Amino acid sequence: MKKKIALILILLVAVVVITSGLYTVRENEYACVVRFSKIISTTSEAGLHFKVPFVDSVKYFSKATKLYDIPPSEVLTSDKQNMTVDCYILWQISDPLRFYQTLGNDTVAEQRLDALTYNALKNAMGTLAQKDIINMEDGANRNTIYNGIATSVDALAQTYGINVVDVKIKQFDLPESNLNAVFSRMISERNQMAEKFTADGNYESSIIRNDVDKQVNIIVSNAKAEAAKLEAEGEAEYMRMLAEAYDSQDKKDFYEFTLALDALKQSLTGSEKTIILDGDSALAKLLSGTE
């Protein structure tokens with residue numbers, strides 16, 4: 001009976017020892033074996049692993065890319081203008097041993113990344129004027145600035161076993177005291193551009209208008225000259241046709257008589273039907289029957 005109890009106890013101890021000597025590693029994490037506060041081995045291979053029971057402990061670090069939203073901070077541009085920068089950083093642990101030795105945990109890592117990123121931002125913004133940052137150009141042109149900041153932070157973060165994937169600036173803000181000055185400058189620039197466009201448009205308009213007026217005057221002048229020419233030709237043709245039609249004295253007298261009748265007819269269009277004729281006129285003699 002005592003042998004059975006002893007055997008059972010031995011088996012239980014063996015199970016506990018073996019169990020405490022086993023640990024598992026997931027695919028998305030590093031595992032560091034710690035012995036007396038010192039890492040003696042690291043692994044990123046997923047599966048079941050062994051350690052010294054009751055002596056070694058396991059410290060796990062995630063391989064995943066982490067996002068740290070850095071609190072907004074103020075930087076100074078090359079033209080001595082304050083700007084508030086709001087950004088975030090994407091980072092991951094690349095060397096768990098160095099990470100554990102230098103930082104130990106994510107909280108301390110984020111504090112260090114905060115300082116590194118702020119210094120990189122301060123240095124980068126210190127080489128740029130405010131107008132180079134706030135302008136109407138394509139935002140993609142500023143990617144060079146962002147890439148330079150990310151590269152700078154990554155180079156420094158390697159010391160802590162960290163790989164910086166990217167640094168993105170969410171927003172550039174102006175301190176309240178600078179907003180009005182910047183807005184006034186932008187409005188002034190836009191007004192100058194508008195005045196230039198207006199002046200250019202008026203100049204082009206005057207050129208077009210003068211050219212049109214010139215063309216109109218030429219067309220009207222040519223039309224009047226052509227009309228006068230046609231009218232003169234018509235008058236000449238009319239006189240020629242009259243001369244041919246009334247080529248004898250009798251025809252001429254008849255033509256003059258018809259003209260006199262037309263004149264008489266026009267004078268009798270009103271309510272007054274009385275006319276006064278010279279007694280020597282051909283029409284008076286004709287009407288009175290003395291001729």
Side-chain angles (χ1 to χ4, degrees), residues 22-51 56-77 83-128 132-135 137-174:
L22 296 175
Y23 66 95
T24 58
V25 180
R26 298 185 179 89
E27 291 183 355
N28 63 341
E29 63 186 5
Y30 299 104
C32 299
V33 178
V34 180
R35 181 179 299 168
F36 305 120
S37 301
K38 182 179 180 181
I39 294 180
I40 61 172
S41 66
T42 62
T43 182
S44 60
E45 184 179 351
L48 191 64
H49 299 268
F50 298 92
K51 63 181 178 64
D56 296 342
S57 61
V58 181
K59 184 72 174 178
Y60 294 98
F61 296 103
S62 175
K63 293 180 181 178
T65 300
K66 304 175 182 65
L67 184 148
Y68 174 50
D69 195 354
I70 299 177
S73 56
E74 287 193 3
V75 295
L76 194 66
T77 61
M83 294 195 68
T84 301
V85 183
D86 189 6
C87 64
Y88 66 87
I89 184 170
L90 299 175
W91 66 282
Q92 58 187 190
I93 299 172
S94 58
D95 187 341
L97 175 59
R98 184 174 296 179
F99 180 82
Y100 178 78
Q101 291 173 339
T102 56
L103 301 174
N105 57 62
D106 288 0
T107 301
V108 178
E110 289 178 348
Q111 293 174 355
R112 191 60 51 87
L113 288 171
D114 192 333
L116 294 177
T117 305
Y118 173 72
N119 289 332
L121 284 170
K122 183 175 65 175
N123 294 334
M125 295 302 105
T127 63
L128 300 172
D132 297 327
I133 302 171
I134 303 176
N135 51 48
E137 297 178 2
D138 186 1
N141 295 335
R142 288 187 282 272
N143 285 338
T144 303
I145 302 173
Y146 305 155
N147 293 336
I149 294 172
T151 301
S152 176
V153 177
D154 181 59
L156 296 172
Q158 294 294 330
T159 306
Y160 306 101
I162 292 175
N163 175 38
V164 174
V165 179
D166 201 2
V167 176
K168 288 297 184 183
I169 296 176
K170 296 189 293 183
Q171 188 174 8
F172 281 111
D173 284 331
L174 296 169

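Numbering of residues begins at 1 and proceeds along the displayed sequence. Note that the structure is a prediction, hence the values are computed from the model and not measured.
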Smallest separation among heavy atoms of [X] and [Y], with atom names:
X	Y	answer
V165	T65	CG2-CG2, 4.1 Å
W91	A109	CH2-CB, 3.9 Å
Q92	K63	NE2-O, 3.7 Å
Y68	E110	CE2-O, 3.3 Å
Y160	L103	CB-CD1, 3.6 Å

Should [X] and [Y] count as side-chain neighbours, where that means a heavy-atom distance under 4.5 Å?
X	Y	answer
Y100	V34	yes
V25	Y30	no
K170	D69	yes
I70	V85	no
N123	S152	no
T84	Q171	no
N163	Q158	yes
T42	D95	no

### Task
Go through the steps to decide whether F99 and D106 satisfy the test side chain to side chain contact (heavy atoms under 4.5 Å, CB included), and finish with yes or no.
CA-CA 9 Å; F99 180 82; D106 288 0; 3.7 Å; yes
Working to the nearest 0.5 Å, report the span between [atom1] of [X] and [atom2] of [Y].
X	Y	atom1	atom2	answer
I169	I89	CD1	CD1	11.5 Å
I93	I162	CD1	CD1	7.0 Å
R112	T159	CZ	OG1	10.0 Å
E29	K59	CD	NZ	12.0 Å
R98	I39	CZ	CD1	12.5 Å
L121	M83	CG	CE	11.5 Å

### Message
Quick check on side chain to side chain contact (heavy atoms under 4.5 Å, CB included): which of T151, L116, D154, I149 does V167 satisfy it with?
### Response
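Of the listed residues T151, L116, D154, I149, the side chain to side chain contact (heavy atoms under 4.5 Å, CB included) partner of V167 is I149.
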